[in-house]
Amino acid sequence: MRKVAIIGIGDTRFGELWDLSLRDLGIHAGLSAVYDANLSGDEIDALYLGNMSAGKFIEQEHIGALIADYSGLARDHIPATRVEAAGASGGLAFRQGYMAIASGMQDIVVVGGAEKMTDVGDTLSTEIQAMAADQQWESSFGATFPALHAMIARRHMHDYGTTREQIASVAVKNHKHGSMNPKAQFQREIKLESVLKSPPVAEPLGLFDCAPVSDGAAAVVLCAMDKARKYTDTPVEVLTSTQASDTLSLAHRESLCRFDATTVAAERAFKRTGLSPSDIQVAEVHDSFTISEILAIEDLGFFPKGQGGAATADGQTALGAKLAVNTSGGLKARGDPIGATGIAQVVELVHQLRGEAGKRQVAGAEYGLAHNVGGTGATAVVQLLGRVN
Ligand code: COA
């Protein structure tokens, strides 16, 4: 296996971007990453693109070819592949690019993620997202993602004594981090009382417990480490990228309070690199709902099961703590254009490991972890990144 470096990053603002199409978003992010890497288009060997559901959101499929074409890469006939794993589409696209370079098959690849969600109404958007749950056992009975996560929250409260306030503290923290991110969808701080009083979506979760519906794109350029210095003085190493799966339906799990795919992907990542959770200073985890971040920080091994809520309320995952979680604002405040999310997480970690995250910089960040989830935990992808000294 060859060492792999990230040599360029690019992203768009996230939000309701009515003046930009999916192709505008994908091209903007991709070209920004290519410029950042000081690369010319004819040096790119392949394109991988994470996208969950362009067919349903904007009636356009064949997204790999579309972005290759409009960014001028079709001219060189490079392979362009779309990757889909619901909310983990971006993270999984990144993993395909990583494997292509690590195996020696390709030297330089662009990996992007894009989603354009706000062209459809709220009801249709909820229905499209619910297609990533189990249609036979969940979605057809009306179980939307907010509803499934509400059940998880109730069970976590019942089994571990997690309080409503602890769950809400995830949103307060992530909005605070988002207020320092000029690309975030929500750049305003919110108070605990506002989260507790926000309109109910699926009780106990309210509006401010949910990631929003978003448009946006993000991209990175991956390169064989032995060629990286030709393009940048600040390569970031991809230490590993792991993936695991679980039952599609929550009903078929032993416990509602764990995402075993997350635990297994993290264990594989730590085993492969010889690192442990205590080595990580900055993590971007999949907080599609406030309760999701609590599950994630437990399942990744940062906190014992049942203590994620208390740790968050205690400030142990905020900027300035030993471990900073979701410095970008996370899905909750940065936004969640589904296919882009797994790449946006990596972009944030690269900012941190290059030491260029501005007001939200984690001092001395050396190792970063990205955690991207599809559905209610049926797919989990973990990336471990390291600063190159
Ligand atoms: N967090 C904070 N503010 C939000 C928000 C969110 N998640 N969603 C919307 N808002 C704000 C909007 O900016 C808007 O504010 P404004 O009036 O000041 O402009 C206001 O709330 C109403 O927005 P609207 O678009 O009408 O909200 P909505 O009721 O249509 O949608 C949700 C709210 C929570 C239902 C929607 O964001 C949602 O479905 N989120 C979950 C997505 C999901 O399932 N993701 C998981 C995939 S696994």
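Atoms considered below: every heavy atom in the structure, side chains included; atoms not considered: hydrogens, waters and symmetry mates. We're numbering straight along the sequence, starting at 1. All ligand and atom numbering here is 1-based and tracks the order in the structure.
- Residues R334 and D287 are not paired through a salt bridge, judged by the lack of any N-O separation under 4.0 Å between the basic side chain and the carboxylate.
- Taking Ile, Leu, Val, Met, Phe, Trp and Tyr as hydrophobic and joining them when side-chain heavy atoms fall under 4.5 Å apart, one finds L275 in a cluster with L239, F270, I280, V285, I297, L300, F302, F303, L323, V325, Y367, L369, V382, L384.
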Would you be so kind as to tabulate the donor-acceptor pairs closer than 3.5 Å made by side chains of residues 92-101, with sequence neighbours excluded?
unit_1	atom_1	unit_2	atom_2	d
R95	NE	S241	O	3.0
R95	NH1	Q243	OE1	2.8
Q96	NE2	L92	O	3.2

Short N or O contacts of ligand 1 with protein, under 3.5 Å, listed by atom name?
unit_1	atom_1	unit_2	atom_2	d
ligand 1	1 (N)	K332	NZ	2.9
ligand 1	7 (N)	C210	O	2.7
ligand 1	7 (N)	P212	N	3.4
ligand 1	30 (O)	D122	OD1	3.2
ligand 1	30 (O)	D122	OD2	2.6
ligand 1	40 (N)	A211	O	2.9
ligand 1	44 (O)	Q129	OE1	3.4
ligand 1	45 (N)	Q129	OE1	3.1

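- Under the 30°/60° scheme for interplanar angles, the aromatic rings of F208 and H175 are found to be tilted.
- Of the charged side-chain nitrogens involved, none lies within less than 4.0 Å of a carboxylate oxygen, so that E43 and K227 do not count as a salt-bridged pair.
- Note on residues 15-62: no pairs pass ring-ring contact (aromatic ring centres under 6.0 Å, His included), not counting sequence neighbours.
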